[in-house]
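One structure is given here, and the rest of the page talks about it.
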Amino acid sequence: SAFDVYLVGRLLGHAPASSFLESQVEAMADAANAAGVSEDDFEKMLDGIAKDPERAFEQLRQLLFDVSCALLSCADAAIAMNVMERFDSHPFGPLLHHYELSTWVLYARAYASHALGADERVRMIDRELRSESDSVEFLRARWIANQSVG
């Protein structure tokens, strides 16, 4: 999820020896490498994530949402490939295969096809998050801080 990128960004600046970083950065590097991203460009991506983890979270959240919604309506693999290619130029486009969106789409088609696309509540939350200057803080304040413990 996009939260992984947020955690990577926070940990790069605060706990660079974290085992989470070791596993996640390696997996991200593998996906970026498979997409043709050079080591230098991947390092630049990581630097950007570390400088603004909140922004990285929201950029990737939007990308995953947009691609998943677009893939949900694809009738065949050729159309799905065209969808994926439309997002190649996104800053996190090279990481898309890391997130195994086919699994998300298959799940949505099997159990909750209304959840991505047709459900206006989902789209409303997406619009709210896009309008926030800090979507991580928005989620923390609206959803986590309002949960009762216990």
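- Summarising the local packing, CZ of Arg55 is surrounded by 12 or fewer heavy atoms from other residues, nucleotides or ligands at distances under 6.0 Å.
- Taking NE2 of His98 as the start and CG of Leu96 as the end, the distance is 11.0 Å to the nearest 0.5 Å.
- Nearest heavy atoms, Phe92 versus Ala56: CE1-O, 3.6 Å.
- Counting heavy atoms from C-beta outward, Arg61 and Arg130 have side chains that approach closer than 4.5 Å.
- At distances below 3.5 Å, not a single donor-acceptor pair connects side-chain atoms of Ser135 with backbone N or O atoms of Glu132.
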Inset, instruction - Dump the intermediate steps for side-chain contact (heavy atoms from CB on, under 4.5 Å) on Arg123 and Cys69, then the final yes or no. - result: CA-CA 10 Å; Arg123 295 216 177 264; Cys69 288; 4.0 Å; yes

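- Side-chain contact check for Val83 versus Cys74: some heavy-atom pair is nearer than 4.5 Å.
- Both Leu64 and Trp143 are members of a single hydrophobic cluster when ILVMFWY side chains are connected at heavy-atom separations under 4.5 Å.
- No more than 12 heavy-atom neighbours from other residues, nucleotides or ligands sit within 6.0 angstrom of CD on Glu22.
- A distance of 10.0 Å separates CG of Leu71 from CG of Leu106, quoted to the nearest 0.5 Å.
- Within the model, atoms NZ of Lys51 and CG of Leu12 stand 12.0 Å from one another, a figure rounded to the nearest 0.5 Å.
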Inset, instruction - Show your reasoning for whether side-chain contact (heavy atoms from CB on, under 4.5 Å) applies to Phe65 and Val122. - result: CA-CA 10 Å; Phe65 183 82; Val122 172; 3.5 Å; yes

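- Taken to the nearest 0.5 Å, the OH atom of Tyr107 stands 14.0 Å off from the OG atom of Ser68.
- Around atom NE2 of His97, no more than 12 heavy atoms belonging to other residues, nucleotides or ligands sit under 6.0 Å away.
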Inset, instruction - List the steps, then state whether side-chain contact (heavy atoms from CB on, under 4.5 Å) holds for Arg142 with Glu128. - result: CA-CA 11 Å; Arg142 286 280 295 273; Glu128 277 187 281; 3.0 Å; yes

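- Using a 4.5 Å cut-off on side-chain heavy atoms (C-beta onward), Leu129 and Leu139 make contact.
- Looking at Ser18, its side chain never comes within 3.5 Å of a backbone N or O of Ala15 through a donor-acceptor pair.
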Legend entry - Gln59 vs Val5, side-chain contact (heavy atoms from CB on, under 4.5 Å): CA-CA, chis, key distance, verdict: CA-CA 10 Å; Gln59 284 183 318; Val5 168; over 6 Å; no

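- Minimum heavy-atom separation, Asp76 to Ile79: OD1-N, 2.9 Å.
- Counting heavy atoms from C-beta outward, Glu54 and Glu58 have side chains that stay 4.5 Å or more apart.
- Residues Ile49 and Met28 are in side-chain contact: their nearest non-hydrogen atoms beyond the backbone lie under 4.5 Å apart.
- Residues Phe3 and Leu60 have side chains not in contact (no heavy-atom distance under 4.5 Å, counting atoms from C-beta outward).
- Both Leu95 and Phe20 belong to a single network of hydrophobic side chains, linked directly or stepwise wherever heavy atoms of I, L, V, M, F, W or Y lie under 4.5 Å apart.
- Expressed to the nearest 0.5 Å, how far CZ of Phe57 lies from CG of Asp4 amounts to 10.5 Å.
- Remark: Trp104 CH2 to Ser1 OG distance equals 6.5 Å, nearest 0.5 Å.
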Review item, side-chain donor-acceptor pairs of residues 33-43, under 3.5 Å, at least two apart:
residue	atom	partner	partner atom	Å
Ser38	OG	Asp41	N	3.0
Ser38	OG	Asp41	OD2	3.4

